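Owing to the predicted nature of the structure, the values given are computational and were not obtained by experimental measurement.
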Amino acid sequence: MEKKPIKRNENIAKLSRDHHASLMFCWKLRQGIKQHISQERMVNYVKYFLDSHMEHHFNEEEEILFQPLQDDKVQKAKSDHVEILRLIKAVLVSDKEDLGDELARLADLVDAHVRYEERILFPHLEQNLTELQLENIGLKISDEPLKDLYEDEFWVRSKSL
């Protein structure tokens, strides 16, 4: 059975597109772990992604998208945000020799969160918010697409000579 792409309300589609970048973040971390890339390089990427994408994305969701509906599904997403940020901050300040488990857990946590929002929360919001509420949300959400311009492509497999 072929999976059909999710048809997202145009007013929140930008947030869905941002989720693709978050899934790529997870993939890049997993590639780095698999290739035994220096943790310093991966931690630097985590910091970059937090500063250039994740904090802004979480703020838009919490301050704009989630505001009209404060139910259990929204609260779960907010709790996920807190847990993700807590784990990122722990990784950034850690002096542990081996952060592989923490980086893998971070990738798993972000991946599960994105899938929750895409499969459960966003359809729930689309069903329960009025078209006017969705339009107002769309007017407030930044149209600027996420550009992951991180220069150290540690996730790219190096070619041996």
Side-chain angles (χ1 to χ4, degrees), residues 1-32 41-93 102-156:
M1 180 179 231
E2 186 181 332
K3 276 190 172 183
K4 293 183 180 178
I6 297 171
K7 177 77 169 123
R8 185 64 63 225
N9 180 288
E10 66 186 66
N11 294 295
I12 61 174
K14 192 266 185 194
L15 295 172
S16 277
R17 287 189 295 274
D18 284 354
H19 284 161
H20 175 74
S22 294
L23 292 175
M24 289 303 299
F25 166 80
C26 299
W27 178 83
K28 290 170 183 179
L29 288 180
R30 290 175 178 140
Q31 290 300 305
R41 292 172 70 191
M42 291 188 288
V43 168
N44 287 340
Y45 178 63
V46 169
K47 172 80 169 113
Y48 165 83
F49 197 79
L50 174 69
D51 293 344
S52 68
H53 170 65
M54 197 171 283
E55 284 180 323
H56 177 73
H57 178 81
F58 284 1
N59 286 338
E60 280 195 318
E61 286 183 337
E62 291 179 14
E63 294 172 13
I64 301 169
L65 180 62
F66 299 166
Q67 282 309 307
L69 190 63
Q70 297 290 315
D71 63 5
D72 290 346
K73 287 181 171 67
V74 168
Q75 292 308 316
K76 182 198 178 323
K78 290 169 114 178
S79 293
D80 287 355
H81 289 178
V82 169
E83 180 62 16
I84 290 166
L85 292 173
R86 186 201 63 73
L87 184 53
I88 287 174
K89 288 179 178 150
V91 163
L92 294 179
V93 301
E102 287 83 355
L103 291 168
R105 181 162 153 31
L106 176 60
D108 291 346
L109 195 59
V110 171
D111 187 292
H113 171 70
V114 166
R115 294 184 192 287
Y116 168 75
E117 285 191 347
E118 286 297 324
R119 295 174 181 164
I120 296 169
L121 182 60
F122 282 19
H124 172 71
L125 293 171
E126 288 169 328
Q127 266 188 332
N128 289 284
L129 298 178
T130 67
E131 190 56 39
L132 181 60
Q133 286 172 312
L134 288 166
E135 286 173 14
N136 285 334
I137 288 166
L139 292 172
K140 294 175 186 171
I141 291 175
S142 166
D143 283 337
E144 187 67 30
L146 171 70
K147 294 180 183 128
D148 188 344
L149 302 175
Y150 196 66
E151 291 185 10
D152 178 8
E153 295 181 340
F154 63 84
W155 54 89
V156 175

Inset, instruction - In plain terms, say whether Lys76 and Asp72 are close enough for a salt bridge, that is, a side-chain N and a carboxylate O under 4.0 Å apart. - result: no

Legend entry - Listed partners of Phe122 passing ring-ring contact (aromatic ring centres under 6.0 Å, His included), at least two apart: His19

Legend entry - Spatial distance of atom CG (Leu125) from atom CZ (Phe66) [nearest 0.5 Å]: 7.0 Å

Legend entry - Under the ring-ring contact (aromatic ring centres under 6.0 Å, His included) test, residues paired with Tyr116 that sit two or more places apart: none

Inset, instruction - Drop me the distance from Ile84's CD1 to Lys89's NZ, to the nearest 0.5 angstrom. - result: 12.0 Å

Legend entry - Counterpart residues, salt bridge (charged side-chain N to carboxylate O under 4.0 Å, His left out), relative to Lys47 (two or more places apart): Asp51

Legend entry - Glu62 and its side-chain hydrogen bond (donor to acceptor under 3.5 Å, both in side chains) partner, picked from Gln67, His81, Lys78, His57: His81

Legend entry - Expected output: side-chain Tyr45 to main-chain Phe25 donor-acceptor under 3.5 Å: no

Inset, instruction - Nearest 0.5 Å please: distance from the CG atom of Asn9 over to the CD atom of Glu135. - result: 8.5 Å

Legend entry - Pairwise distance CE(Met54) to CG(Leu85) - rounded to 0.5 angstrom: 7.5 Å

Legend entry - No-hydrogen, no-angle side-chain donor-acceptor test under 3.5 Å, His113 and Glu83: no

Inset, instruction - Evaluate salt bridge (Lys or Arg N to Asp or Glu O under 4.0 Å) for Asp18 paired with Lys14, printing each intermediate quantity in order. - result: CA-CA 6 Å; Asp18 284 354; Lys14 192 266 185 194; 2.8 Å; yes

Inset, instruction - Determine, stepwise, if the pair Arg30 / Asp108 fulfils salt bridge (Lys or Arg N to Asp or Glu O under 4.0 Å). - result: CA-CA 9 Å; Arg30 290 175 178 140; Asp108 291 346; 2.8 Å; yes

